[in-house]
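Residue numbers start from 1 in every chain, and the chains themselves are labelled A, B, ... in the order their sequence lines are given, proteins ahead of strands.
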Protein chains: 2
Amino acid sequence: MPSRLCPGVVSFETARDIDITRSRVCDSATMTTLSPDGAAGARKVRRATMNDVARLAGVSIKTVSRVVNDEAGVHPATAERVLAAIDQLGFRRNLSARNLRRGSSTGTVGLVLEDVGNPFYSGVTRAVEEISRLRGRQVITGSSDEDPVRERELALEFCSRRVDGLLIVPAGLQHGYLVPEMRAGTPVVFLDRPAGDVVADTVLVDNVGGTTEAVLHLASFGHRRIAFLGDAPDIFTANERLRGYREGCARAGIGFHESLVVMGPHDEVSVREALHRLRRGADPATAVVTGNNRITVHALRALAGAASRPALVGFDDFELADLLSPPVSVIAHDASALGKAAADLLYARLDGDGSPPRRVVLPVRLVARGSGEVRA
Amino acid sequence: MPSRLCPGVVSFETARDIDITRSRVCDSATMTTLSPDGAAGARKVRRATMNDVARLAGVSIKTVSRVVNDEAGVHPATAERVLAAIDQLGFRRNLSARNLRRGSSTGTVGLVLEDVGNPFYSGVTRAVEEISRLRGRQVITGSSDEDPVRERELALEFCSRRVDGLLIVPAGLQHGYLVPEMRAGTPVVFLDRPAGDVVADTVLVDNVGGTTEAVLHLASFGHRRIAFLGDAPDIFTANERLRGYREGCARAGIGFHESLVVMGPHDEVSVREALHRLRRGADPATAVVTGNNRITVHALRALAGAASRPALVGFDDFELADLLSPPVSVIAHDASALGKAAADLLYARLDGDGSPPRRVVLPVRLVARGSGEVRA
DNA sequence: GAAGTGGTGGACAGCGTTGTCACCGAGGAG
DNA sequence: CTCCTCGGTGACAACGCTGTCCACCACTTC
């Protein structure tokens, strides 16, 4: 057993540094049955084609095609021979060649997002996959890591693969590169953020409304010094949420104070420092709105040991928010609803919907759990 | 603003029921610039081919190919004309046709897992994607939802698409269907669980060792009535962890009691009931080992309001475990390490590694945070 | 003037499929 | 016996691209 007992209480670790050199390796002797080829390995072997099957079965290639495609008009005995040959050779129809010849769709859609590893986007991915499954299509994903160049590479690569449609969480603001693709008939739907300079279907969440609501909610508990910790303002959602914050301040009649706003990019340290700064001095912040779930989590960690806590409302819901103490109030929106709405829009286009581009804004909900319901 | 203020404190909700019919829709009039085609839409248009480009540029198709592929020996002026034509027609090389002709790889690998939406697997996905990116390959994913039929469909579909390799989190125990594919030279690596009846590369985590360690850890704090809540025993990892639990009980000298084991499938209700049952009576459990992160979370929710809590160690780490009170002790293993190890193995095969199939067992780590360090 | 030489471009085949059309032999109608 | 139908089958081209090979046009060199 390679790991040892840890006697003490240690802080959170992601176990990212597990030492792979200490991994155990068993050889095949301890394993069972059914080796695919004595000594296995990826020897580069030409795959059997219909031609090979045809030769072996003593029929023409066309007959093989008929059998493979379940076309009528093949003598049962012939079909039998063909199937036996297929089995013997391990033949599997080459979909690329098929699609090429038929000029039909490739049965794939491309999904470009910021990071598949982020739970929010993996929820989106799952929803897209689910809808695509019903439509008989496969999903190819790629993570842009918020890099416009990478986004472009991915999207165009997908186009070269002739995806039937493209779902994109935009990383940048320039999407002119997609115009030829769209003109060529590839529908594109933008998710979570709009494209900068292209008119296309877009699915967003109500960033402004949600943040406004968060501020009003906090103000209704008597808070007048409400801070906002947001992501880098060149990210669409961050900027929108900042707008919502301003709007909320205005509507609550508490004024907008530059000094209460700290935009990112944020990491654990910067959030900690920002909170520290905001909460000292003569007129400290008594409440905080955090601009996304990463920032919320950083904030919670920074406040973990603190004697007093500001009231807190976070944008984005996250698992276990209800089990923390106090439970965290959030502006919730649903990754799978976002993915579903976008996929539905895409498939409507693929079904021939030629109406003008739509912009769908999904509602958000304030989920009050406790952290935001504290009197000033 | 479609949503309203929620005055009270409500319990956790996933916002899954957001009403899409209340979504706002803006028409394109409110949008900006650069419409791809006056009235857009996915009119099915034949995409420009090299032939079209050649005609327009007044050169042969081969010359276009040369330009597109940056081959030497094209007069700059000719290249210029070709590039202009490409631009005008929005031509983009068809990768399927190219790969078909060249007999080269499709530059894709297939990843079949249980659910992309699950944070653990999305971590795996991200790692696989990252490695694949370095190798210039795209990843196609599919979720089997623990259904062997679906897994098989996905894997074979991927093979039809001629993926260069396959990474599979097995849903069932029969994988003979992959033998022809493996024999045809498609390398397959199994992740997280072994295949039932095929010898192939496999990457696992140390399920037995981890659970044993959890039990010994709890026993070291004086617990002698340690319960185990595990997933359905036909799932490999669940069964292995049960084995580890037995082993731990044996080594701790506390005996194995059938009545302290409750295997799944589990949902929130069944976990709640199981815990309730285990903790009453004359000789109640004073400690619990939970068999995966879902079960751990269910257990935490069930215990949230309770007056007294059993000591708890969960298999699988999860975000925020350190911020709960008490912080949750876990057996941690790393999704991205798993994905990376599997991808590395796959690419080694693609690079020609013909050695016998390997089984890699990644170590796990006990991360003691508090919930498990409670005296009996 | 004949024979190389290097730079430029095209004709053609073929990757693995499928759509079109034509063929062949058996059987039924006239 | 001829004509026609019809089930079963195959030859062939083509999908979009690239590898091979060859043609052509200056030029240079003997």
Take atom [atom1] of [X] and atom [atom2] of [N], then tell me their distance rounded to the nearest Å.
X	N	atom1	atom2	value
Arg161(A)	dC17(D)	CZ	P	15 Å
Lys62(A)	dG10(D)	NZ	C1'	10 Å
Leu100(A)	dA13(D)	CG	C1'	13 Å
Ile86(B)	dG16(D)	CD1	P	16 Å
Ile61(A)	dG19(C)	CD1	C1'	13 Å
Arg98(B)	dG14(C)	CZ	C1'	16 Å
Asn94(A)	dC15(C)	CG	P	12 Å
Met50(B)	dG19(D)	CE	P	10 Å

Side chains of Glu80(A) and His75(A): do they bring a donor and an acceptor to under 3.5 Å? no
Can you sort out the partners of Glu129(A) under side-chain hydrogen bond (donor to acceptor under 3.5 Å, both in side chains), two or more places apart, ordered by chain and number?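 Ser143(B).
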Using a heavy-atom cut-off of 4.0 Å across all strands, would you classify Gly73(A) as base, sugar-phosphate, or nothing? base
Regarding Val59(B), tell me which of base, sugar-phosphate or nothing describes its non-hydrogen contacts under 4.0 Å with the strands shown. sugar-phosphate
Are OP1 or OP2 of [N] and a side-chain N or O of [X] less than 4.0 angstrom apart?
X	N	result
Asn99(A)	dC15(D)	no
Thr63(B)	dG9(C)	no
Ser65(A)	dT17(C)	no

Check this for me, if you would: do Arg126(A) and Asp145(B) make a salt bridge, where the nitrogen-to-carboxylate-oxygen distance has to be below 4.0 angstrom? yes
Hey, is Arg150(B) close enough to Glu157(B) for a salt bridge, meaning N to O under 4.0 Å? no
Specify the residue among Arg81(B) and Ala97(B) whose closest nucleotide of DNA chain C lies further upstream toward the 5′ end.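 That would be Arg81(B).
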Contact nearer the 5' end of DNA chain C, comparing Val74(B) with Asn51(A):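 Closest to the 5' end, via its nearest nucleotide, is Val74(B).
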Would you say CZ of Arg152(B) has more than 12 non-hydrogen atoms from neighbouring residues, nucleotides or ligands within 6.0 angstrom?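 It does not: Arg152(B) CZ has 12 such atoms or fewer within range.
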Of the options [options], whose atoms approach the side-chain atoms of [X] most closely?
X	options	value
Thr78(A)	dT18(D), dT9(D), dT17(C)	dT9(D)
His75(A)	dG8(D), dT8(C), dT20(D)	dG8(D)
Arg102(B)	dC17(D), dT18(C), dT18(D)	dT18(D)
Ser60(A)	dT20(D), dT18(C), dA11(D)	dA11(D)
Thr49(A)	dT20(C), dT17(C), dC17(D)	dT17(C)

Nearest-nucleotide wise, let me know which of Gly58(A) and Leu95(B) is further upstream toward the 5' end of DNA chain D.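 Residue closer to the 5' terminus by nearest nucleotide: Gly58(A).
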Any donor-acceptor pair under 3.5 Å joining the side chain of Arg66(B) to the base of dG9(C)? yes
Please state whether the base of dT18(C) and the side chain of Arg101(A) form at least one donor-acceptor pair under 3.5 Å?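 Between dT18(C) and Arg101(A), which were checked side chain against base, a qualifying N/O pair under 3.5 Å is present.
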All heavy atoms of Val109(A) vs all of Tyr347(A), minimum pair found to be CG1-OH, 3.6 Å
